[in-house]
Number of protein chains: 2
Amino acid sequence: MKLPPLNALRVFLVAAEHHSFTKAGETLHLTQGAVSRHIQTLEAHYGLPLFVRQARGLTLTPEGVALFPAVRDAFSRIEAASEAISRRSRELRVKASPSIASRWVLPRFTQFRNRYPELMVSLVTVTGFDPNFKSREYDISFQACETQEPGLIYHRLRGARFVPVASPALFKDKPRPTIEQFLDYPLLHPSHEDQFWSQWFALSGMNPGSSIEAYAFDTLDLAITAASRGMGITLAEESMIADDLANGSLVQLSDVALVTSWAYYLIYPQELATLPSVIAFRDWALSEFSDSPPPQATL
Amino acid sequence: MKLPPLNALRVFLVAAEHHSFTKAGETLHLTQGAVSRHIQTLEAHYGLPLFVRQARGLTLTPEGVALFPAVRDAFSRIEAASEAISRRSRELRVKASPSIASRWVLPRFTQFRNRYPELMVSLVTVTGFDPNFKSREYDISFQACETQEPGLIYHRLRGARFVPVASPALFKDKPRPTIEQFLDYPLLHPSHEDQFWSQWFALSGMNPGSSIEAYAFDTLDLAITAASRGMGITLAEESMIADDLANGSLVQLSDVALVTSWAYYLIYPQELATLPSVIAFRDWALSEFSDSPPPQATL
DNA sequence: TGTTTACCATGCGTAAAATTCATGGAGCAC
DNA sequence: GTGCTCCATGAATTTTACGCATGGTAAACA
């Protein structure tokens with residue numbers, strides 16, 4: 001393949017559009033002389049003139065006329081493809097369940113946006129999980145799961161540990177309840193399905209039998225919010241209540257923690273692994289949401 | 001318009017085709033390091049990787065995959081257009097009538113081809129004249145004419161001057177005929193239409209009346225050829241018989257020359273005036289077929 | 001007609017970019 | 001481990017691009 005000098009071609013394109021070397025130079029932030037030389041280079045390459053230089057403006061030779069649309073189309077094709085892949089590197093859609101979004105991600109999100117101001121990060125809080133990212137509604141996902149799908153990359157963030165918490169206002173002047181006294185209060189359940197409370201009581205050495213009555217909530221987040229408003233005692237995932245414990249809106253009522261078989265992961269498709277936006281978010285998320293130290297809110 | 005570095009794009013294209021920087025370097029006559037740097041430039045421009053470097057071969061990232069066909073198509077578009085206009089600069093189709101072709105052009109044609117070996121020159125000998133070059137069957141034309149069409153460029157080569165010639169063998173041992181004795185021999189007429197012989201006799205001060213019987217030929221060339229074979233006396237255009245006079249196959253029988261109102265021109269469309277091939281041929285033809293000195297054959 | 005004006009061309013010096021060379025390092029095969 | 005094959009990279013060099021200033025030309029102007 002014997003291509004003409006490509007930079008000269010771009011100069012040719014602009015000069016042909018302007019019918020002027022001088023104006024082309026202004027557009028390209030070049031001097032008129034530089035434009036003239038580029039055109040000369042191109043004309044030397046083809047061995048024929050592309051412009052007819054007249055004192056009264058510049059016109060294209062038939063060869064220049066033939067070349068012009070090809071160059072214009074070629075460059076606009078490159079421009080379109082470049083624009084498409086550039087956009088992908090600047091945008092990032094992060095998916096998280098409502099609980100994780102409000103309790104984990106949102107408190108730290110501004111920090112990330114400040115560190116990477118050129119990234120257009122958006123938070124998607126669809127419930128449910130598209131296991132293969134087929135819908136392409138998001139690029140990277142915070143997700144609790146037990147099994148792994150092929151084609152996806154999983155970074156384990158932390159296991160889930162549930163501890164009992166309640167608003168201090170719930171007890172007013174009374175002392176905080178012992179485990180045995182939990183049943184005197186409304187028990188809030190962070191799920192409709194899992195039997196967190198009975199598992200936790202079993203772990204504590206109690207067997208309350210079928211006497212557990214709990215108000216079930218859709219999400220972990222709602223149960224925590226309800227508890228902090230004094231509606232009762234809930235089991236809360238440890239990493240989600242750092243803020244509330246710190247500002248006193250919740251108190252932890254026991255050190256007994258229910259550890260689930262599943263864990264929280266950061267997940268993204270293998271083919272996005274090279275995107276700088278994905279890499280940046282992954283590295284940041286792994287350092288922020290890592291296992292050992294319960295994360296501190298940094299608003 | 002914000003285009004990526006174009007030379008780097010070409011390197012990217014070749015590297016993507018070879019799945020190897022080293023092989024791309026060989027193809028492009030560059031070192032492997034230079035290719036590596038070009039790719040780095042491009043990746044820095046986009047802010048994302050285009051290749052996945054593995055010890056076992058090179059693969060494209062999804063962004064590289066997206067970019068590849070656009071670059072390939074864009075460059076092949078440029079290449080096609082370049083090829084088209086390059087070909088136009090290397091090819092030249094010269095039109096001449098059979099007479100001019102065989103008597104003027106052909107004897108000197110090899111000289112031109114030797115001087116411009118890169119030009120693909122072809123000789124088109126259609127009879128008749130497409131006055132506006134509309135058929136596009138030829139680029140430049142030797143043509144006898146009186147009027148000029150707009151949009152065409154005319155270079156006058158020489159007026160036509162007809163003188164009587166014959167083969168010396170026609171007269172054997174007899175002396176060459178005087179003008180009065182011409183009628184004793186067959187008169188060959190180089191045209192079906194024009195009355196060259198009667199005009200020429202008038203010019204010589206003779207009035208042979210209607211007694212002129214002439215064998216008419218289609219072209220000037222045929223009449224000359226017939227005369228050189230001893231078939232009779234013909235009027236021949238001066239510039240077409242230099243060879244024959246020089247090698248003795250024809251002798252000129254009088255200095256009286258019939259000058260026509262028309263002349264021979266070299267003609268080409270204005271829009272081809274910038275083509276180097278046209279310019280080269282025009283300059284050569286003007287010096288070769290110029291008016292004053294009767295051209296010498298240079299085979 | 002002479003002058004101005006608006007172009008493009010070009011010689012020269014400099015700044016920037018491309019390229020090479022030599023070397024280093026990482027993964028794979030044996 | 002050892003060799004092999006790639007790609008990355010620091011430093012030096014060559015090449016190229018560029019700006020500046022100037023010159024030339026043809027149209028427009030007055």
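Everything quoted here is computed from the prediction, not taken from an experiment. By convention in this document, chain letters (A, B, ...) are assigned in the order of the sequence lines, proteins followed by strands, and residues within each chain are numbered from 1.
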K.L.:
Please state whether the phosphate of D/dT9, meaning OP1 or OP2, lies under 4.0 angstrom from any side-chain nitrogen or oxygen of B/Ser36.
P.N.:
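Answer no for this pair, as no side-chain N or O of B/Ser36 is under 4.0 Å from OP1 or OP2.
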K.L.:
Ignoring hydrogens and angles, tell me if any N or O in the side chain of A/Tyr154 forms a donor-acceptor pair with the backbone of A/Glu149 under 3.5 Å.
P.N.:
yes
K.L.:
Salt bridge check: are B/Arg115 and B/Glu288 linked by an N-O gap of less than 4.0 Å?
P.N.:
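Here B/Arg115 does not pair with B/Glu288 in a salt bridge, since their nearest N and O are not under 4.0 Å apart.
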K.L.:
Rounding to a whole Å, what distance do you find between B/Ile39:CD1 and D/dC6:P?
P.N.:
17 Å
K.L.:
Taking the side chain as every heavy atom from C-beta outward, state whether A/Leu272 and A/Ile140 have any pair of such atoms under 4.5 Å apart.
P.N.:
no
K.L.:
Go through residues 42-53 of chain B and report each residue with a non-hydrogen atom lying under 4.0 Å from DNA chain C, sorted by number.
P.N.:
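The stretch gives none, as no residue of it lies under 4.0 Å from the strand.
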K.L.:
Side chains of B/Phe289 and B/Trp284: does their closest heavy-atom pair fall under 4.5 Å?
P.N.:
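In contact.
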K.L.:
Could you tell me whether a side-chain N or O of A/Glu43 sits under 3.5 Å from a main-chain N or O of A/Phe51, the two making a donor and an acceptor?
P.N.:
yes
K.L.:
Side chains of B/Gln32 and B/Ser36 only: does a donor on one sit below 3.5 Å from an acceptor on the other?
P.N.:
no
K.L.:
Starting from P on D/dC7, measure out to CZ on B/Phe21 and report it in whole angstrom.
P.N.:
6 Å
K.L.:
How close or far is atom P of D/dC7 from atom CD of B/Glu26, stated in whole angstroms?
P.N.:
10 Å
K.L.:
Start at the 5' end of DNA chain D and walk down; is the nucleotide closest to A/Thr41 or to B/Gln32 reached first?
P.N.:
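Between the two, 5'-proximity favours B/Gln32.
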K.L.:
Grab the NE2-P distance between B/His18 and D/dC7 for me, whole Å please.
P.N.:
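One finds 12 Å between P of D/dC7 and NE2 of B/His18, rounded.
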K.L.:
Tell me, please, the opening and closing nucleotides of DNA chain C, 5' to 3', among those with an atom under 4.0 angstrom from a non-hydrogen atom of chain B.
P.N.:
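First-to-last contact on DNA chain C, by the 4.0 Å heavy-atom rule, is C/dT19 to C/dA29.
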K.L.:
Applying side-chain contact (heavy atoms from CB on, under 4.5 Å) between A/Phe112 and each of A/Val105, A/Val121, A/Val94, report the one that passes.
P.N.:
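The single option meeting the side-chain contact (heavy atoms from CB on, under 4.5 Å) with A/Phe112 is A/Val121.
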K.L.:
Which residue lies toward the 5' end of DNA chain D, B/His19 or A/Arg37, if each is placed at its nearest nucleotide?
P.N.:
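Looking at the nearest nucleotide for each, B/His19 comes out on the 5' side.
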K.L.:
Can you tell me how far C1' of D/dA8 sits from CG of B/Leu58, to the nearest Å?
P.N.:
13 Å
K.L.:
Check the distance between D/dA8's P and B/Gln54's CD and give it to me in whole angstrom.
P.N.:
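Checked: the CD to P distance equals 12 Å.
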K.L.:
Expressed as a whole number of angstroms, how long is the span from A/Gln40:CD to D/dT16:P?
P.N.:
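Going from A/Gln40 (CD) to D/dT16 (P), I get 16 Å.
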K.L.:
Just checking A/Thr22: base, sugar-phosphate only, or nothing, at a heavy-atom cut-off of under 4.0 Å?
P.N.:
sugar-phosphate
K.L.:
Could you check A/Tyr264, A/Tyr268, A/Tyr265 and say which one makes a ring pair (Phe, Tyr, Trp, His ring centres under 6.0 Å) with A/His155?
P.N.:
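So the option named by the test is A/Tyr268.
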K.L.:
Contact class for A/Ala34 (heavy atom, under 4.0 Å): base, sugar-phosphate, or nothing?
P.N.:
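If one applies the 4.0 Å heavy-atom cut-off, A/Ala34 turns out to touch the sugar-phosphate alone, with no base involved.
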K.L.:
Within the 4.5 Å heavy-atom criterion, are B/Ser277 and B/Tyr116 side-chain neighbours or not?
P.N.:
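Answer no - side chains too far apart.
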